[in-house]
Amino acid sequence: MKRLHVLYFAILREQRGLNEEHVQSAAATPAALYAELVSRHRFSLPQDRVRVVVNESFADWDSAISDGDSIVFIPPVAGG
Amino acid sequence: MKRLHVLYFAILREQRGLNEEHVQSAAATPAALYAELVSRHRFSLPQDRVRVVVNESFADWDSAISDGDSIVFIPPVAGG
Amino acid sequence: MFSLSPSPIDPANVMERLNHPAAGAYASFEGWVRNHNEGRPVMRLEYEAYAPVAVKEGELILDEARRKFAIVGAICIHRVGALEIGDIAVWVGVTAAHRGAAFDACRYIIDEVKARVPIWKKEHYASGNSGWVNCEAPPPD
Amino acid sequence: MFSLSPSPIDPANVMERLNHPAAGAYASFEGWVRNHNEGRPVMRLEYEAYAPVAVKEGELILDEARRKFAIVGAICIHRVGALEIGDIAVWVGVTAAHRGAAFDACRYIIDEVKARVPIWKKEHYASGNSGWVNCEAPPPD
């Protein structure tokens with residue numbers, strides 16, 4: 001099991017009811033972790049509308065994640 | 001003979017040494033008038049680099065001009 | 001320079017940093033909070049950013065603009081927090097020797113910022129409802 | 001509204017006239033007096049206009065922009081008289097509901113103003129020479 005630091009923004013923050021949390025997970029990739037969190041928290045956004053940031057850099061959904069990583073799921077942005 | 005009011009701007013003003021003058025001419029068109037003035041004052045700009053304004057509206061070189069008209073030859077512009 | 005601002009943006013003040021004797025063209029863009037969006041009356045809105053990554057991505061976009069276009073300087077500032085109708089949500093200023101590069105870079109920057117920088121907008125409607133723009137409905141096409 | 005200004009242009013002041021609750025995008029352009037042109041150091045310059053026709057042609061260009069693009073408002077001001085390095089020679093401000101129209105109209109206006117409005121520029125070079133831009137040499141191509 002890995003201990004992951006997950007931050008939530010915008011609609012995901014509201015749906016989770018938290019800005020951040022530490023998650024214990026066996027997920028090997030951001031995709032696996034997001035699937036786990038979607039099923040646990042009923043997030044409305046499917047993975048194909050979300051990007052993922054690992055340790056403050058955009059990352060592939062199937063990259064490897066490690067114990068202690070900081071993970072942020074990025075809902076569709078709307079700056080400007 | 002027509003009495004025409006001619007205004008000069010920019011390089012034409014400097015080459016003529018006047019802001020404006022009244023010109024007596026038999027010229028039937030702006031093109032004829034410009035040719036007359038070029039030969040008289042050695043303007044450096046050929047007609048194909050100049051536009052003409054008659055009575056404060058852009059006009060064709062071969063339009064008819066009338067006694068009392070105000071005529072302005074427009075050197076290449078450089079606003080902005 | 002890309003930055004996030006919790007207080008109102010003052011373009012007249014910021015653009016002084018772009019003064020340069022070789023700059024002949026200055027193009028700028030401001031996004032203002034409108035009183036409607038897709039037909040719904042909007043009363044106010046909030047911008048939320050993932051700050052460290054927003055700044056990093058914003059700086060990356062400005063670097064890309066400097067590489068792609070012959071510009072002298074470029075700055076972008078995005079508001080965060082609660083905004084009212086008419087407030088400046090985002091400001092982009094670009095200088096160049098010639099206007100083509102200034103316009104092209106300014107547009108590139110705002111297009112990329114809107115598409116890529118992790119900033120979210122929650123609109124509060126006259127109806128009392130609210131929603132995260134782009135997040136609530138299916139994608140537009 | 002198109003106007004000629006014998007005194008310095010203050011965009012922050014003028015653009016207040018463009019405020020409108022339906023305007024979500026503001027694009028602007030400023031032409032600044034550069035310290036060089038085509039490789040020659042420039043010390044200062046003069047703009048001369050044929051005022052009644054310059055204003056009429058400028059207004060026509062703004063009308064064209066309003067017909068071609070979905071904009072809310074547009075203003076252009078051009079300086080006349082003696083200018084120093086760094087002065088604003090021309091300012092264009094455009095508002096629209098969306099940024100595409102604001103950028104396109106702003107660029108259309110400055111392009112057309114430069115091509116059509118009877119305003120002339122005399123540059124004074126570091127060498128002591130001076131010249132009317134576009135008037136002295138053969139056309140550029």
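Labels below follow one simple rule: chain letters A, B, ... track the order of the sequence lines, proteins then strands, and each chain is numbered from 1. These numbers were taken from a predicted model, which means no experiment stands behind them.
The interface of residues 55-75 of chain D with chain B, defined by heavy-atom distances below 4.5 Å, comprises D:Lys56, D:Glu57. Residues of residues 82-91 of chain D lying within less than 4.5 angstrom of chain B, judged on heavy atoms, are D:Ala89, D:Val90 in numerical order. Residues of residues 5-16 of chain D lying under 4.5 angstrom from chain B, judged on non-hydrogen atoms, do not exist here.
The structure places SG of D:Cys135 at 9.0 Å from CD of B:Gln15, a figure rounded to the nearest 0.5 Å.
For D:Ala49, the part lying near chain B is the backbone, with the side chain staying farther off; criterion is any non-hydrogen pair under 4.5 Å. Neither the backbone nor the side chain of B:Leu12 has a heavy atom closer than 4.5 Å to any heavy atom of chain D. Proximity to chain D is limited to the side chain of B:Val72, based on heavy atoms less than 4.5 angstrom apart. For D:Val133, the parts lying near chain B are the backbone and the side chain together; criterion is any non-hydrogen pair under 4.5 Å. Using a 4.5 Å cut-off between heavy atoms, D:Lys114 touches chain B through backbone and side chain atoms alike.
Of the listed residues (D:Tyr50, D:Trp32, D:Phe29), the greatest number of heavy-atom pairs within a distance under 4.5 Å of chain B belongs to D:Tyr50.
Side-chain atoms of B:Pro75 and D:Trp120, non-hydrogen and from C-beta on, do get closer than 4.5 Å to each other.
Minimum interatomic distance between D:Tyr47 and B:Gly79 (heavy atoms only, all atoms of both residues): CE2-CA, 4.2 Å.
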side-chain contact (heavy atoms from CB on, under 4.5 Å) between B:Glu14 and D:Trp132, worked out: CA-CA 10 Å; B:Glu14 292 189 350; D:Trp132 290 97; 3.1 Å; yes
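With D:Arg116 contributing its side chain and B:Val77 its backbone, the two residues share no donor-acceptor pair below 3.5 Å.
Judged as a salt bridge (charged side-chain N to carboxylate O under 4.0 Å, His left out), the pairs with a partner in residues 34-55 of chain D (not counting sequence neighbours) are, in order, B:Arg13-D:Glu48.
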